[in-house]
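Single-structure report; data block below.
Predicted model, so just to flag it, every value in this text is computed and none were measured. Along the sequence shown, the residues carry numbers beginning at 1.
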Amino acid sequence: MDQTDLSGSPAYPQRRQSLKVLAALPFAGLAAACSNLVPGQGPPPSLYRLTPKSSFRQDLPSVKWQLVLEPPVANGSLNTTRIALQRSPTQMEFYAKSGWVDQAPIMVQTLMVESFENSGKIVSVARETGGLRADFVLKTELREFQTIYYRSGQPEALVGINAKLIQLPQRSIIASQNFEHTAPASADQIDNIITAFDDALDKVLRGVVEWTLTSGQTAYEQNQQRRRRPRQPSSG
């Protein structure tokens, strides 16, 4: 797979304050992001992260149940710290000298947890490894997380997540939904492309949070009603 080098573009504009850019950090947790570098050859890559959703519609239910988020599943081209792009529907490439601070699915999982917390509508939400005794599990698949050029010739950030809400302890799927959004970049420069990613993910995260809280609350209330129903006396 090819790499696209944007280093010949005009100097990048000043980054938005809400987007955090990290130049190669010496932390062990970021070692994977820098694994493709040969020591002493060239500058370190610019590393990017996106921001969680912080505003939601006012009529969301306040729920008393607890939620666990499994790590999103993703194919090999997206399960990486590299920032993917497509110039055609059948070819995947990556931007040179730029990357995510973490593997894309893990970064998205973190942002989903923070977005649920920012809603202020749920008692508790955690990663699967958090040891939380949950009422629901949210399984997600990161299906799209790349820049596409083949629609208009200009870069557009495409983010797509499939979500399945599972009720415990039955482990039954009570709802399933696809969330997808495309945001155009204002210029073919990496900072503008990251801004477009942030805009697209913002819309997707809002959809995931609002859908999960609404669908989960409906299922939770129905389950509570079933528990309160008096048992029918057995015949004979």
Side-chain angles (χ1 to χ4, degrees), residues 18-20 22 27-30 48-74 78-79 81 100-145 159-181 197-229:
S18 61
L19 296 176
K20 303 175 179 61
L22 292 81
F27 300 135
L30 297 181
Y48 295 85
R49 62 178 297 180
L50 303 180
T51 58
K53 182 66 181 174
S54 58
S55 60
F56 303 89
R57 69 174 204 253
Q58 297 298 315
D59 63 342
L60 280 179
S62 295
V63 303
K64 297 180 180 180
W65 40 267
Q66 300 183 109
L67 177 69
V68 160
L69 273 63
E70 292 188 355
V73 176
L78 301 181
N79 190 20
T81 59
W100 302 119
V101 295
D102 208 337
Q103 291 181 312
I106 301 303
M107 180 178 67
V108 170
Q109 182 193 32
T110 298
L111 296 173
M112 279 197 290
V113 170
E114 293 178 13
S115 296
F116 274 104
E117 292 173 341
N118 290 345
S119 74
K121 297 292 187 177
I122 188 166
V123 171
S124 183
V125 58
R127 301 170 186 266
E128 186 182 29
T129 57
L132 182 70
R133 295 185 60 182
D135 301 286
F136 294 94
V137 173
L138 185 64
K139 298 176 68 73
T140 54
E141 180 182 356
L142 187 62
R143 293 183 174 178
E144 310 287 352
F145 203 68
V159 176
I161 292 177
N162 174 266
K164 292 179 175 63
L165 189 59
I166 299 174
Q167 189 168 25
L168 300 177
Q170 303 93 329
R171 299 203 65 85
S172 57
I173 299 175
I174 63 168
S176 179
Q177 184 72 37
N178 289 318
F179 301 90
E180 185 174 298
H181 193 81
F197 265 108
D198 207 50
D199 292 341
L201 184 62
D202 180 89
K203 304 299 189 301
V204 169
L205 289 178
R206 174 173 178 163
V208 170
V209 170
E210 294 180 349
W211 169 82
T212 301
L213 292 175
T214 303
S215 301
Q217 184 62 14
T218 298
Y220 183 80
E221 291 175 353
Q222 291 173 348
N223 189 50
Q224 294 296 104
Q225 290 175 1
R226 285 192 294 269
R227 290 181 176 180
R228 288 195 293 265
R229 288 173 186 167

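Side-chain atoms of Asn79 do not come within 3.5 Å of backbone N or O of Ala74 as any donor-acceptor pair.
Rounded to the nearest 0.5 angstrom, Thr212 OG1 and Gln177 CD are separated by 10.0 Å. Rounding to the nearest 0.5 Å places CG of Leu213 at 5.5 Å from CZ of Phe116. Annotation: the span from Leu142 atom CG to Met107 atom CE amounts to 8.5 Å, rounded to 0.5 Å. Interatomic distance, CG of Asp202 versus CZ of Arg206, reported as 8.5 Å (0.5 Å rounding). Within the model, atoms CG of Leu205 and CZ of Phe179 stand 10.5 Å from one another, a figure rounded to the nearest 0.5 Å. Asn178 contributes atom CG, which lies 9.5 Å from atom CH2 of Trp211 (distance to the nearest 0.5 angstrom).
Pairs of residues two or more places apart, or lying in two chains, that qualify as side chain to side chain donor-acceptor pair (under 3.5 Å) and include a residue from residues 103-112 are Gln109-Arg127, Thr110-Arg127.
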Give the table of side-chain donor-acceptor pairs shorter than 3.5 Å for residues 59-72, with sequence neighbours excluded, one pair per line with atom names and distance.
from  : atom 1 : to     : atom 2 : distance (Å)
Asp59 : OD1    : Arg57  : NE     : 2.5
Trp65 : NE1    : Gln217 : OE1    : 2.8
Gln66 : NE2    : Arg133 : O      : 2.9
Glu70 : OE1    : Lys139 : NZ     : 2.8

For residues 167-174, which side-chain N or O atoms pair as donor and acceptor with protein atoms under 3.5 Å away, sequence neighbours left out?
none

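Nearest approach of Pro52 to Leu111, heavy atoms of both residues: N-CD2, 3.6 Å.
Residues that satisfy the side-chain hydrogen bond (donor to acceptor under 3.5 Å, both in side chains) test with Ser119, not counting sequence neighbours, are absent from this structure. Qualifying side-chain contact (heavy atoms from CB on, under 4.5 Å) partners for Ser176, counting only residues two or more places apart in sequence or in other chains: Asn162, Lys164. Remark: Glu141 engages Arg143 in a salt bridge (charged side-chain N to carboxylate O under 4.0 Å, His left out) (not counting sequence neighbours).
In this structure, the side chains of Val108 and Val159 stay at 4.5 Å or more apart for every pair of heavy atoms. Proximity of Asp135 to Asn223: side-chain heavy atoms (C-beta onward) are nowhere separated by under 4.5 Å.
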If you apply the rule side-chain contact (heavy atoms from CB on, under 4.5 Å), what do you find for Glu117 with Val125, and how did you get there? CA-CA 7 Å; Glu117 292 173 341; Val125 58; 3.6 Å; yes
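Ring-plane geometry between Phe197 and Trp100 is classed as perpendicular, the angle between the planes exceeding 60 degrees on a 0 to 90 degree scale with a lower cut at 30.
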